Protein chains: 4
Amino acid sequence: MTTAPAREPAQRKGRPRDERIDTEITSAALEELSEGGFERFTVEAVAARAGVAKTTVYRRFPTREDLVLGALLRLNDDLPAPPPPGPVRERLIAVLQAVRSRATNSSRGRLLMQSVGEGLHSPELAEMVHARVLAPRRQVLRDVIADGIASGELRSDLDPDALIPVLVGPMFYLGAWKCVASAPKVSVEAIVDTVLVGLLPLRP
Amino acid sequence: MTTAPAREPAQRKGRPRDERIDTEITSAALEELSEGGFERFTVEAVAARAGVAKTTVYRRFPTREDLVLGALLRLNDDLPAPPPPGPVRERLIAVLQAVRSRATNSSRGRLLMQSVGEGLHSPELAEMVHARVLAPRRQVLRDVIADGIASGELRSDLDPDALIPVLVGPMFYLGAWKCVASAPKVSVEAIVDTVLVGLLPLRP
Amino acid sequence: MTTAPAREPAQRKGRPRDERIDTEITSAALEELSEGGFERFTVEAVAARAGVAKTTVYRRFPTREDLVLGALLRLNDDLPAPPPPGPVRERLIAVLQAVRSRATNSSRGRLLMQSVGEGLHSPELAEMVHARVLAPRRQVLRDVIADGIASGELRSDLDPDALIPVLVGPMFYLGAWKCVASAPKVSVEAIVDTVLVGLLPLRP
Amino acid sequence: MTTAPAREPAQRKGRPRDERIDTEITSAALEELSEGGFERFTVEAVAARAGVAKTTVYRRFPTREDLVLGALLRLNDDLPAPPPPGPVRERLIAVLQAVRSRATNSSRGRLLMQSVGEGLHSPELAEMVHARVLAPRRQVLRDVIADGIASGELRSDLDPDALIPVLVGPMFYLGAWKCVASAPKVSVEAIVDTVLVGLLPLRP
DNA sequence: GAATAACCGAGACGGTACGTCTAGTCTTGTG
DNA sequence: CACAAGACTAGACGTACCGTCTCGGTTATTC
């Protein structure tokens with residue numbers, strides 16, 4: 001199963017594929033996914049939205065799942081920019097604020113979160129999302145942490161791999177509370193400060 | 001426990017509904033959801049598995065969504081037991097280990113995680129899951145935190161509402177890494193210790 | 001299978017059936033049949049129209065077919081009156097005109113015709129319709145023929161059994177042409193005159 | 001001047017319909033109708049019998065009624081042959097005997113009769129049956145009558161439109177008596193002779 | 001004056017078919 | 001070859017009736 005159209009060897013034979021159609025299809029698929037979620041996602045709707053025959057979609061993405069993968073790759077189109085230099089606390093807040101804001105407000109952010117959940121029933125999807133979509137985003141945070149350790153603002157014995165879940169996990173958790181009335185409101189600052197200081201009583 | 005429409009007022013008119021069928025339907029639905037996820041979830045399969053006519057399902061759950069809600073309520077059938085007394089660190093690890101283990105291993109745990117993602121496109125689902133399924137589980141953690149504060153093991157100025165995302169969020173994040181080869185392996189102990197101590201350098 | 005509720009032996013025990021309900025059910029059934037034909041005929045609609053529970057219908061008419069039979073019997077409520085005395089030609093025209101007019105205009109007449117067709121797939125229905133509904137109507141025509149033979153207006157060697165199909169059959173045939181644009185218009189008088197005179201050239 | 005006619009092959013766009021499937025569907029539908037009548041007629045059974053998906057049926061016949069019409073057209077597959085030359089009485093008997101025999105014995109004949117009755121509640125069905133199915137059959141009889149008039153065997157002032165109901169109507173009437181025990185048995189010969197001679201006493 | 005037995009309204013229940021929709025494959029014709 | 005268009009199989013969707021059943025409550029006759 002190819003998750004994206006790959007035809008390296010120069011030019012085969014016959015009529016070449018229209019590359020604009022590739023992007024039109026994945027764009028349409030991404031919009032459909034963002035609007036209706038995985039359940040309402042329909043190959044026919046994608047083809048219609050892209051103004052393309054169903055065959056043309058299936059030629060590139062043999063199955064619905066492949067089309068989903070192809071669409072999700074387009075989430076990398078707008079990667080967040082790294083935060084400006086400054087105190088590590090502010091930089092962490094900026095990064096996580098962006099994560100949280102996207103997850104709460106933009107349909108693409110919600111889609112990304114939903115993809116993580118969906119991946120639990122589709123290892124292939126999970127692998128792809130984590131390796132191709134989430135990894136680049138993690139790197140931004142990893143850099144901020146490394147900078148903080150280098151500047152002495154953070155403990156030097158920290159393991160970034162253990163730290164990323166601690167920082168990003170709460171954002172996912174809060175994102176899932178979107179528009180849930182019964183959920184308490186917690187600010188990103190409160191989270192970051194809690195993590196920075198730790199839970200143990202301060203030693204005098 | 002009846003997951004579907006309660007009809008308190010004595011006995012209305014007509015033949016009363018067979019309550020055993022209620023549970024058989026929701027059980028079947030829960031199993032179907034656990035095994036195949038939301039996408040492959042089919043009312044007909046639920047009816048067949050419950051040994052019941054399709055109409056009997058639709059009488060209780062007018063739409064597929066309603067049936068999903070009814071099934072997810074059954075997740076409360078096996079709430080985790082509170083951890084035994086002991087040092088707060090060990091109790092936290094025990095609670096979170098259970099969350100992580102369930103999320104990783106049991107099909108119901110995966111289903112619960114997926115429901116959170118699915119809720120992003122269905123406010124009704126989100127509200128229900130958070131209020132009826134997640135709330136009771138949060139309470140266990142909240143109690144452990146309260147005990148820790150009372151015993152002086154934790155800082156007394158902690159806000160549990162800010163703390164719960166910090167502790168539970170990472171579990172969700174790790175749970176989503178299940179069977180993702182490219183994901184780093186992080187132990188629950190490492191997470192808890194990181195959170196307990198905090199990120200700032202220790203003041204001498 | 002009882003085609004009508006018959007409980008002769010005085011009064012058994014328990015609450016007696018409400019006889020008004022019998023007629024309300026058959027009336028409702030007859031109207032439903034007249035309006036929608038056999039295909040759209042629904043026990044539930046009959047019960048609703050009669051303002052009665054489905055059980056109450058099924059107690060009297062164990063099956064849909066029985067209900068149809070019970071309803072068709074009500075067609076005998078308005079039997080045509082015998083024609084006034086006069087020349088046999090005018091009397092025949094009057095009788096057949098009534099048959100044709102009913103079959104063309106009234107919904108009950110159409111229903112009766114349709115019942116004949118339906119009887120081809122349901123011997124029980126056919127037997128009932130012919131013995132209970134059509135027989136009384138045939139008798140009117142039979143009397144007119146007998147009077148005509150007695151008065152010398154008709155040939156004395158006529159077999160009424162062969163004659164009735166010759167006279168009534170065309171009415172059915174014409175009735176079936178109702179609102180069929182491509183069908184030629186033929187008057188009842190023309191039919192009767194054709195039959196009276198015969199097809200052979202007049203012998204000098 | 002009319003617009004230029006488009007080329008007939010015109011092979012529109014997309015994959016053309018498999019014409020064999022058309023006939024398989026209508027054949028299956030005709031058999032189902034013949035066996036079970038209109039009431040038991042089921043689109044699903046037709047699809048199953050034709051070995052075809054339900055959607056394939058609905059693509060051609062958007063509704064059950066349309067499928068019925070399509071099936072009834074197939075009744076024209078076996079039109080009766082005109083009778084051999086001979087005396088007009090024998091030719092009439094032959095034609096009508098065939099009508100009666102078919103109506104009594106063959107399932108298709110019964111179906112045709114039932115369609116006439118059904119047409120009373122469906123103008124479209126009535127129009128189709130009369131124009132496309134019955135018209136060709138009437139023509140055979142009309143020819144025999146015309147031959148009889150030409151040869152002087154029949155009165156020259158006969159109106160075939162008035163005559164056809166007189167001859168065919170009784171066949172329908174007798175056909176409806178099939179397997180009705182209480183119905184008198186009348187032969188086709190008796191009918192024809194009665195019509196030929198007429199009802200009035202012979203003038204000396 | 002109960003006790004009994006059948007009636008009646010209401011609706012649950014297992015089925016079957018409806019007509020619609022989508023997935024994924026295939027078969028045309030055209031560029 | 002690519003592409004548009006649409007036929008095709010397969011199967012789930014949610015609805016409507018069928019005929020059966022189980023309730024609560026209502027009459028009449030019988031003991």
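The model shown is predicted, which means the values in this text are computed figures rather than measured ones.
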Distance in angstrom units between A/L67 CG and E/dT25 P, rounded: 13 Å
Within this structure, what is the CG-to-P distance between A/D66 and E/dT25, rounded to whole angstrom? 11 Å
In this structure, how many angstroms lie between the C1' atom of E/dT22 and the CD atom of A/E32, rounded? 13 Å
Look at B/R17 together with B/D22 and state whether they make a salt bridge at an N to O cut-off of under 4.0 Å. no
Between side-chain atoms of residues 110-117 of chain A and protein atoms elsewhere (two or more places apart, or another chain), which donor-acceptor pairs fall under 3.5 Å?
{"residue": "A/R110", "atom": "NH1", "partner": "A/N105", "partner atom": "O", "Å": "3.4"}
{"residue": "A/Q114", "atom": "OE1", "partner": "B/H121", "partner atom": "NE2", "Å": "3.2"}
{"residue": "A/Q114", "atom": "NE2", "partner": "B/E118", "partner atom": "OE1", "Å": "3.4"}
{"residue": "A/S115", "atom": "OG", "partner": "A/L111", "partner atom": "O", "Å": "2.7"}

Sugar-phosphate atoms are those with a prime plus P, OP1 and OP2; base atoms are the rest. Using that split, label each nucleotide of nucleotides 13-18 of chain E B, S or - for protein heavy atoms under 4.0 Å, 5' to 3'. BBB-SB
In this structure, how many angstroms lie between the C1' atom of F/dC17 and the CZ atom of D/R40, rounded? 16 Å
Between P on E/dA23 and CZ on A/F38, what's the gap in Å once rounded to a whole number? 15 Å
Note, B/L72 side chain near B/L75 side chain (heavy atom, < 4.5 Å): yes
Roughly, in whole Å, what's the span from CD in B/E24 to P in E/dA12? 18 Å
So does A/E35 have more than 12 non-hydrogen atoms from other groups sitting under 6.0 Å from CD? yes
Within-4.5 Å side-chain heavy-atom neighbours: C/F38 and C/L125: yes
Can you measure B/R20 atom CZ to F/dC21 atom C1' for me and round it to whole angstrom units? 14 Å
Who pairs with A/E24 by salt bridge (Lys or Arg N to Asp or Glu O under 4.0 Å), at least two apart in sequence or on another chain? none
